[in-house]
There are 2 protein chains.
Amino acid sequence: MKNIPDATVKRLSLYYRILQPLSIQGTHEISSKNLASLLAINPAQVRKDLSYFGTFGKRGAGYNVSQLVAKIAEILGISEERKVIIVGAGNLGSALAAYHGFEVFGFKVCALFDTDTHKTGKKIKGIPCYNIKELIQFVKNEKIKMAVIAVPAQFAQQIASVIVSSNIKAILNFAPVRINIPPDVKVNNVDLALELKSLSYFLKNI
Amino acid sequence: MKNIPDATVKRLSLYYRILQPLSIQGTHEISSKNLASLLAINPAQVRKDLSYFGTFGKRGAGYNVSQLVAKIAEILGISEERKVIIVGAGNLGSALAAYHGFEVFGFKVCALFDTDTHKTGKKIKGIPCYNIKELIQFVKNEKIKMAVIAVPAQFAQQIASVIVSSNIKAILNFAPVRINIPPDVKVNNVDLALELKSLSYFLKNI
DNA sequence: CTTTGTGAAGTAATTCACAGCC
DNA sequence: GGCTGTGAATTACTTCACAAAG
């Protein structure tokens, strides 16, 4: 497979989110123009993104919605449910545990991990919380493939190392530091303060 | 001012986050090479980013750390504290309210807004929660310039409209939908399910 | 010597524009 | 007529490479 831009993969998610409800409510076909206008992007962008993975459209008509939904689900690997663990059961971690956005889109939060003995051994928002010492075994038993880091910045690196040694290859990092990981592990960073700062810059320059 | 790439502005935040602690612990100077290696990026990138805003370095020596910290703070508009409101006092909203990452970087969460009368009129994690009807007046009185949207997808657009009519020009949107706003308003989207999906794609293609 | 600042070169992503098909 | 698929053109971003300065 060719090198697909990261931006393309993220847009596929957006397409899916638009198309899935349309498919359920019975919309048959959609043109790149219509889909693009729903996302305020360029129609050629939509066509090019899809063309990386094959040719799904009908000239003169557009794309079959339900076919396209199935195809994107397959491309993104969200046909089956993905199990996720969250490390850090503080404010952010437990909010994420309870966040329904994840399950709606096919991700199941299986467990929280923390070091605080006031939290471990209990359920938080319905999700069991374990000690971080149990992480590696749990990941192995439950065949977990994805982890979310929601610990304070100063612990992020050591947690990342534990996660990597558990053989997880995909990490969503909320800690406001860049973490060092082997090249075969993918990290997506969600950096809240950074987003606010970039807004702040915008405000300064209106 | 020329067109500064969005990526440059976001990197400035990263530079700031590295430099600020260095400045406090007394590091005098830093070269673009050193700074770049701390972020695993190219030294020329650092120099080019900074050069958009002026010439701050000393040839042969590098950059004065505390000067640079002050300069970046000024560029990003984080010299003064920025007041922020959060709309939506559910799991995510209240977690964000309690998230210390914001205040550490100079943002103060002044209020939460919700429609649920079980929440309004109370304090949540120490932050007062008001009814959304009071939003416009509050923003005016308190001179709020930034808002965070943490409501479910189906309400995001109408909340965005309220925020826009309150004359706020910068929005951080956590709802998993693209919201339509006038071109003079800046929206940064933080899309958690999207980040997970892009990880999922990565896992499929190892 | 070292390191900056920056035009020029090189990459990557997006958009155009049109041939080909319905 | 309408719309896709895609090479070509454009735009945006990154990296190189070197003159100028300490």
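No salt bridge links B:Lys204 with A:Glu74; every basic N to acidic carboxylate O contact stays at or beyond 4.0 Å. A salt bridge does not link A:Lys197 to A:Asp191: none of the charged side-chain nitrogens sits closer than 4.0 Å to a carboxylate oxygen. Comment: A:Asp6 engages A:Lys186 in a salt bridge, judged by a side-chain N to carboxylate O separation of less than 4.0 angstrom. Using a cutoff of 4.0 Å between basic side-chain nitrogens and carboxylate oxygens, B:Glu195 and A:Lys10 are scored as salt-bridged.
Between the P atom of D:dA12 and the CG atom of B:Asp6 lies a distance of 13 Å, rounded to the nearest Å. Look at OH on B:Tyr15: it is 12 Å from P on C:dT4, rounded to the nearest Å. Rounding to whole angstrom units, OH of residue B:Tyr52 and P of C:dT4 are separated by 17 Å. One atom, CG of A:Asp49, and another, C1' of C:dT14, lie 10 Å apart when rounded to the nearest Å. C:dT15 atom P lies 13 Å from atom CG of A:Leu39, rounded to whole Å. If you take CG of A:Asn34 and C1' of D:dG2, they are 12 Å apart, rounded to a whole angstrom.
If you check C:dT14, C:dT15, D:dT15 against the side chain of A:Asn42, the one that comes closest is C:dT15. Out of C:dT15, D:dA17, D:dG5, the shortest distance to the side chain of A:Gln45 is found at C:dT15. For B:Ser32, the listed nucleotide lying nearest its side chain is C:dT4; candidates were C:dT4, D:dC16, D:dC3. Among the nucleotides C:dT4, C:dT15, D:dC16, the one closest to the side chain of A:Lys48 is C:dT15. Closest to the side chain of A:Arg47, out of D:dT4, C:dG5, D:dT15, is D:dT4. Nearest to the side chain of B:Ser31, among C:dT3, D:dT4, C:dC16, sits C:dT3.
A:Ala61 comes within contact range of the sugar-phosphate backbone alone, with a heavy-atom separation under 4.0 Å but no base atom that close.
Taking the six-membered ring wherever Trp is involved, the centroid distance between the rings of B:Tyr63 and B:Phe56 does not fall below 6.0 Å.
A donor-acceptor contact under 3.5 Å links the side chain of B:Arg59 to the base of C:dT4.
Considering only side-chain N and O atoms, B:Tyr63 lies under 4.0 angstrom from the phosphate OP1 or OP2 of C:dG5.
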